[in-house]
Protein chains: 2
Amino acid sequence: MDQRHASALKAAGMKATPKRLAILEMLEAEPGYASPEELWKRLKDRFDRLGLPTVYRNLEELSQSGVLSKVIHPNRQLYYYFCSNREHHHHFVCLSCRKVEDIPACGIEALEQEVSKRNGGKVLSHILQLNGLCGGCADNGEKR
Amino acid sequence: MDQRHASALKAAGMKATPKRLAILEMLEAEPGYASPEELWKRLKDRFDRLGLPTVYRNLEELSQSGVLSKVIHPNRQLYYYFCSNREHHHHFVCLSCRKVEDIPACGIEALEQEVSKRNGGKVLSHILQLNGLCGGCADNGEKR
DNA sequence: CCTCTAAATAGAAATGAATTCGTTTTAGAA
DNA sequence: TTCTAAAACGAATTCATTTCTATTTAGAGG
């Protein structure tokens with residue numbers, strides 16, 4: 001059992017169940033983002049019983065807790081990835097091979113302040129994501 | 001018939017059908033973003049026959065052409081809004097009353113260049129959206 | 001003003017990702 | 001070890017969105 005993941009779960013106020021640990025392990029080993037169904041298909045071998053709803057539920061809870069991140073994908077399906085960078089930052093996601101690269105936080109926090117001040121509203125969250133093709137995929141024009 | 005919208009459609013290489021014009025009119029009159037089904041329900045009165053798929057199809061085509069914009073909503077349903085600002089910019093969307101406010105473009109273009117240069121990939125698009133509560137909604141704590 | 005054709009629409013049916021729900025199992029505190 | 005709230009099961013369901021084939025129509029070119 002991976003103590004790092006168990007601690008992360010405990011810190012998030014979640015029980016460290018074998019299935020949650022397996023989800024985290026699998027996603028950490030993943031080079032990019034993955035869909036709930038893909039993860040489920042692979043994890044099924046390791047448990048005699050594992051429901052797809054369990055995978056959905058845990059991925060969502062884990063992303064709520066900040067242990068995982070969610071991709072905003074043009075096809076509007078759910079994808080998650082494991083990102084160990086605990087600083088506030090953003091991502092460049094490859095639409096072809098699914099690789100995820102960190103982008104250091106730019107001036108969004110300042111922008112939030114600005115918007116709040118000027119319009120009187122309250123910014124609850126922001127989305128900043130660059131979509132494209134990573135170096136490798138851009139070269140050989142691959143698409144999936 | 002609204003000549004502005006007819007021209008916009010022509011410029012986008014799309015036929016100026018009555019239904020497309022009605023969709024644009026209705027969305028322009030809207031104070032915020034709206035869902036395909038909401039628009040359909042209201043537009044049905046003005047046409048003896050109007051299919052929901054037609055509304056979906058047109059909203060998607062219009063947003064592809066840049067005539068309309070799409071909201072990235074946490075509930076993952078589709079919402080569109082009419083934005084006459086033709087400059088490149090971003091939005092603050094209220095999750096409560098659905099108002100949309102413009103945000104002048106920040107340094108994202110520079111960030112795209114940076115990412116391309118450093119990682120060798122190609123940025124095809126970016127998402128920047130601030131989610132929150134507008135002035136009015138933040139005040140009275142309304143939610144919907 | 002007609003004609004004609006590619007584009008647009010109808011509308012029923014299908015899709016399928018995501019979720020619900022009542023029951024059973026289990027992690028972990030006491 | 002006991003006990004309970006949390007987690008998981010999994011079949012069934014939901015419902016927003018899309019597909020498909022037949023029909024209609026906008027608008028270019030006579």
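Atom set for the values below is all heavy atoms of this structure, side chains included, hydrogens, waters and symmetry mates excluded. In what follows, chains carry the letters A, B, and so on, assigned in the order in which the sequence lines appear, proteins first and then strands, with residues in each chain numbered from 1. Keep in mind that this is a model prediction, so the values were computed, not measured.
- Rounded to a whole Å, the CZ atom of A/R20 is 15 Å from the P atom of C/dT26.
- A donor-acceptor pair under 3.5 Å is formed between the side chain of B/H89 and the backbone N or O of B/E87.
- Residue-environment remark: NZ (A/K122) stays at or below the threshold of 12 foreign heavy atoms within 6.0 Å.
- At whole-Å resolution of the value, CD1 in A/I23 and P in D/dA7 are 12 Å apart.
- Distance, B/E38 CD to D/dT17 P: 11 Å, rounded to whole Å.
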Short N/O separations, protein against nucleotides 26-30 of chain D, under 3.5 angstrom:
| from | atom 1 | to | atom 2 | distance (Å) |
| --- | --- | --- | --- | --- |
| D/dA26 | N3 | B/K15 | NZ | 3.3 |
| D/dG27 | OP1 | B/A16 | N | 2.7 |

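- In this structure, A/W40 places its CH2 atom 15 Å from C1' of C/dT19, rounding to the nearest Å.
- When rounded to the nearest whole Å, the span between CG of B/L43 and P of C/dA8 equals 18 Å.
- For the pair B/V67 and B/A12, the tightest heavy-atom approach, listed with the atom from each and the gap, is CG2-CB, 4.4 Å.
- Minimum heavy-atom separation, B/Q129 to B/I72: NE2-O, 2.8 Å.
- Under a 3.5 Å cut-off, the side chain of A/R46 and the backbone N or O of A/A22 do not form any donor-acceptor pair.
- Other residues, nucleotides and ligands contribute only 12 or fewer heavy atoms inside 6.0 Å of the NZ atom of B/K41.
- When ring centroids are compared, B/H90 and A/H126 stay outside the 6.0 Å threshold.
- Straight-line distance from the CG atom of B/L24 to the P atom of C/dA8: 14 Å, rounded to whole Å.
- By the 30° and 60° cut-offs, the orientation of the rings of B/H91 relative to B/Y81 is perpendicular.
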Inset, instruction - Please lay out, stage by stage, how B/E30 and B/K99 fare under the test salt bridge (Lys or Arg N to Asp or Glu O under 4.0 Å). - result: CA-CA 9 Å; B/E30 196 73 14; B/K99 192 165 26 168; over 6 Å; no

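- Near DNA chain D, defined here as any heavy-atom distance below 4.0 Å, the residues from residues 44-77 of chain B are B/L52, B/P53, B/Y56, B/Q77, listed numerically.
- Rounded to an integer number of Å, the gap from A/K19 NZ to D/dA7 C1' is 9 Å.
- Note: CG (A/L39) to P (C/dA18) measures 12 Å, nearest angstrom.
- Defined by atom type and a distance below 3.5 Å, a donor-acceptor pair is missing between the side-chain atoms of B/E109 and B/Q113.
- No hydrogens or angles considered: nothing links the side chains of B/N58 and B/E60 as a donor-acceptor pair under 3.5 Å.
- Bending across the helix from C/dC1-D/dG30 to C/dA30-D/dT1, expressed as the angle between its end axes from five pairs apiece, amounts to 50° (10° rounding).
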